[in-house]
Structure formats: C-alpha cells, structure tokens
Amino acid sequence: MDVSGATVKRQETDAAKIQIAMAESPSAMAKGWHSGITFADLARLVILVALVLVLLTFRDYGITNDEEVQKIYGQMVLAYYASGFHDLSALSYKDLYYYGGLFDFVAAFFNQFSPLGEYETRHLLGGLVGVLGLLGTWRLGRRLAGDRAGFLAVCLLAVTPAYYGPAFNNPKDIPFAVGMVWTLLTICQLIPHLPRPPLRRVMSFALSLGLTLGVRVGGGLAGVYLAIILLAYLAWRGLETRSLKVAGDEARTLALALLPALPIAYATMAACWPWAYQSPFNPLVAVAHFSHYGINIETLMAGQWLPAGHLPAIYLPLYLLVKVPELVLAGTIVGLVMVTIWLFRLRQRATIEKAKILQLAAVVLAAAFPLAFFVIERPTIYNGLRHFEFLLPPFAVIAAVGLHSLWTRISQGSERRGKAFGLAFAAAALLQVWIMASLHPDEYVYFNALAGGVKGADGQFELDYWCNSLAEAARDLTAYIKMENGGREISRVYKVAVCGDPLAATYFMPPFMRLTTKASDADFFISFTQHGCDHFVNGREIIAVQRFGAALSVVKDLRQPDQKTASRESWRSVN
C-alpha cells in the first residue's frame, strides 16, 4: 500500500475543502478576531433601517404611467390560474404578455385581502422587493471581499436614488434588477465548487434564474454570464494542466451537474408567465420582440429630444455617469483598476484565487456586458436608466470592492488614516442620504454634480417621466381648495384637467374634485413638466412641486375666462 501517496491525496483533499470554505465565506476565517459591532452587524442595520423606511413611507409615492396596465395584467394572470386555465385574457393583453407576470401576479393575489388600497399594496410590495435587493447585494459584496465590502455594497446601493426611489412604484425594472443580483449571487456560489457544483447550488441558481425570467425575459443574460464564466474556467484548466483531455472531462462533468438547472428554471419561469409555455418558442419570440421594439417615443439627452429607436452610443453611458452618485462612481473606478491589476497577475495566483477572480469577473461581466451590448446594438430604450436599472447592484458591488481595497491600503501602517477614511465615507453617504430625503418621494429624479444636480439637469435630462409628482400636486391642490373655503364644508365640484397620466392625479383627489378632459371647462389644471406639458394650458400658477429649484409639476388656476387658452392638440398628444 502506498501510504505516502494516500497521505498526499488526503492533504490535497483537506486543502481543497479549506479553499472552498474560504471562497464560500470570506469572513469565516476572521470570526472571533474582533469583538463588539462588526461590519456584518452594520450591514444588517442598514437593511433594517431601509425596511423601516419602506413601512413608514410607502404611502408617499405616486402612481406611475405603467402601474394601471401592470395591475390589470396581474389580475388577468391571477384569473388564468383561478379559472383553471380557462380565462385566457392574460395571453393577449396589450403587449404585456411578452413580460413575465411574477410581481403583478403576487400583487394581485395580496390585493384580494389587503386592508390597504390597490396601489398602496403594490407600493409596499415594491419597497419590500427593493429591500430584498439590498440583502442580495450585501451577500454578493460579502462573498467577494468580506464583511466590510458587503457593508459598503449595501450602503452604496441604498443611497443610489435611481434604485431606491423606483423600487416603490416601478413594477418591472426594479423587481428585474433584484432578480438579476440574486441570480448573480448564485453564480458566484457555484464557482468555488467547479467542476462538480452540489445539487443545492444548482437548484438555487435555477430557481433564481426562473424567477427573474418570470419578470422579464432579459433574465436570460444571467445564463450568458454563467456560460462565459464556465468557458473561462475550462480554458484556465486546460492551460493549467496543459491537457485538452482534462478540460474535456471537466466540461462533461459540468454539463451533467448543471443539466437539472434547465427544467427547474423553465418550470419556475412558466409558473410566473402563462404565455411563455403556450408554445416552447414563445420566450424566444419575446426576445426577438424586445430586440426590435418599435415605439414612437422621444427621450431627452443633453438638451435634445431623440427618437428612442435611434439613440447615439453615448446615451446609456452618459446617463450612468450623471445618475449614479459620485461615491459609487469613484468606487467603481478604483474597483475596475483593482480587478484589472488582479487579472494581469493571474500566473502569480494560487488555486484559492482562481475562484475569487472568476467571481469578480462574473460581477464585472454583469456590469459591463449589457452596457457594451447597448453601445454596439443600440436597442430601443427611453427614460434614462429605466430599462437598465439592473446594472446598479453590480456597479455598487464593484465600487464596494474598490473602496474596500483602497481602505485596506490606506489603513496599512496607520490605524488613524483608516479611521479617517471610514469617517469620510460615512460623511459622503450621509450627505447622499440628506439629498435623497430632500428629494422624497421623488428620489429617482436625482442627478449628481456632473450634471449640475437636479437643477442643472432640468431641461437637459429626463426628470419626472413617471408622473410621480402629480400625487403631491393633487394633494397640494386639495389643501389649497380647503384653505380657500376657510375650512367650511365644500358643496360644489371643482373640475380639474390633467396633463400626464390622469390616474396619477385623480387617485389622490377627494370627491369634490373631478377630472375633465376639456381645459375650457376646467377650474384647475394639473401638469407634470415633462415634454413642456405644463405650457400647453395658460393660467395663473398657484402651486409648483419643486426639488432643488427644478419644477416637477405645477397647478394652474383657470377660473378667469381669459386664462383658458390651450394648445389642445399638443395636450392630447401627451395624454
């Protein structure tokens, strides 16, 4: 018996287990080294604070342009299952059957017994889904670089207004972003176990992928990311062993291990998306539909209104540059530099670093691939980052890894410098929190200093494209009418014209206010400022909903006969 050979093999096995454990939990080796509050505790505190804020503020948000049709679609999906697959209305409603119905289906289900209003229930659910995305981002950052990186990642995403604000009333893009970050996390959980990932990891990936596809078919991008990472792993193994046979054997092992993911992901997707399984090729039809999505709409970039189907390559990169907080931009630059340095030092890395580098590569790929795809293919998008908000979590994680690395270097040899860096980060994050509080509940109109803030972006980039501020305008007009009546009971009905999505205002109107489609009959005119909508009807401006000096919506008094002139054709085109 070859005792020495058996001993070496056992040592290699033990070393491999240690490597997987370290890659699985970067902070595990440091447990017990510190006492008191840890970065993991702080991250949990950030998530808890976000959860409390959701519970306290979800009623503050308005109704977006898409919410009514999304609500109806969710009711149709629920009816499809409740009727025993006989009610087929969900299979042909507008173009929404091209989307998965997961969020809307769940919202419709809870709305059956929720004590809240229909849209309040949806906003609460959306906020909770947003918190779920914070949790996934924390775990992803923690996996890549430990507890401090996880804490930085959740902080950076929480103070990103383009993520936090839309979470409450964007029923497609934020749930999709949350699904993508959790699917990315499951990919990173698979990597340390290659080429034989355990079934529970494969199932986690398949379920996350299926749920994400159940929101939007674009979740298939996660499958592309995994395929690229697996090819990189096999190429690495081939070079490492100088054997195509080893790479081929591991490729077969991988294929067999991942095979259960396909039926699980498809079944999960199908449960959320009835149209998808009416034909096995329907998901591909949806991909083709969105790849050549024809819509007659214009979007604003650098002061120019451009057709959404013919945008310049700079459109998405520019919006990212001006919409992402400066703290995230700085961290992303540092993170990308660090990752680049690591990739150039591959030959110096031990086996344990292979998994870590592949995990980092997966996150960078999740941030860079869609951006490169847009620059090359130029698909139809509009409303700034709206369709690419799923990039925000991986950008936050890259920024967190970069800031963590910089913090570590600064702290070397001087604990005081490390504390100063931590205080500087805290101050920058708190400043961002103050800005978001000042924007509430219109956080998503945020622009950073590169655009001159919200005021500088006014007229240059899209601000309140969702009509979110019309809720505040309607509430302010209600208070104005009550004040005008001196607190007495209001016995007459005031007619109100709306430029924008009418529901975004009328849902918040009391019984003594009624919608009219004729400006000539209206007592008041409520309008958001998108597309110059507020200039289509003349009148005395009595209310302006502003953020940092930029008007998001206005209310005009039309009760003077000479103030009721209107460009009705323009107004109707916006409505």
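- Remark: Met203 CE is loosely packed, at most 12 non-hydrogen atoms of other residues, nucleotides or ligands lying under 6.0 Å away.
- The main-chain N or O of Ala308 is never found under 3.5 Å from a side-chain atom of Thr299 such that the two would form a donor-acceptor pair.
- In this structure, the ring of Phe176 has its center no less than 6.0 angstrom from the ring center of Phe103.
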Thr160 and Tyr164: side-chain contact (heavy atoms from CB on, under 4.5 Å), yes or no, with the steps?
CA-CA 6 Å; Thr160 298; Tyr164 181 87; over 6 Å; no
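- Tested against Pro274, the residues Leu91, Asn282, Asp87 include a single side chain to side chain contact (heavy atoms under 4.5 Å, CB included) partner, Leu91.
- Centroid-to-centroid, the aromatic rings of Tyr444 and Tyr163 stay 6.0 Å apart or farther.
- Residues Val69 and Leu96 approach most closely at O-CD1, 3.4 Å, considering heavy atoms.
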Please evaluate residues Tyr98 and Trp275 with respect to the criterion ring pair (Phe, Tyr, Trp, His ring centres under 6.0 Å), reporting the C-alpha separation (whole Å), side-chain torsions for both, the decisive distance (0.1 Å), and the verdict.
CA-CA 8 Å; Tyr98 288 116; Trp275 181 78; 5.3 Å; yes
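- Shown here is Phe281, whose CZ atom has no more than 12 heavy atoms of other residues, nucleotides or ligands within 6.0 Å.
- No side-chain heavy atom of Phe168 sits under 4.5 Å from any side-chain heavy atom of Pro441.
- Each of Glu443, Glu472, Glu120, His123 was scored for a side chain to side chain donor-acceptor pair (under 3.5 Å) with Tyr61, with one residue passing: Glu443.
- For His531 and Glu298, the side-chain atoms include no donor-acceptor pair closer than 3.5 Å.
- The two residues Tyr81 and Ala271 make their nearest non-hydrogen contact at OH-O, 2.8 Å.
- Side-chain atoms of Thr183 and Thr212 include a donor-acceptor pair closer than 3.5 Å.
- With hydrogens and angles ignored, the 3.5 Å screen pairs no side-chain donor or acceptor of Ser114 with any backbone N or O of Phe110.
- For the ring-ring contact (aromatic ring centres under 6.0 Å, His included) criterion with Tyr99, the lone passing option out of Phe290, Tyr93, Trp273, Tyr73 is Phe290.
- Residue Tyr507 is tested with Ile63, Asp501, Leu470 for a side chain to side chain contact (heavy atoms under 4.5 Å, CB included); the sole match is Ile63.
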May I have the list of side-chain donor-acceptor pairs in residues 383-402 shorter than 3.5 Å, sequence neighbours left out?
from   : atom 1 : to     : atom 2 : distance (Å)
Asn383 : OD1    : Arg386 : NH1    : 2.7
Asn383 : ND2    : Glu462 : OE1    : 2.9
Arg386 : NH2    : Asp66  : OD2    : 2.6
His387 : ND1    : Tyr382 : O      : 3.4
Glu389 : OE1    : Asn170 : ND2    : 3.4

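- Between Asp464 and Arg547 no salt bridge is recorded (no basic side-chain N to carboxylate O distance below 4.0 Å).
- A salt bridge is defined here as a Lys NZ or Arg NE, NH1 or NH2 lying under 4.0 Å from an Asp or Glu carboxylate O, and Arg122 with Asp104 meets this definition.
- Of all heavy-atom pairs between Leu184 and Ala366, the closest is CD2-CB, 3.7 Å.
- Tyr319 has its ring centre less than 6.0 Å from the ring centre of Tyr315.
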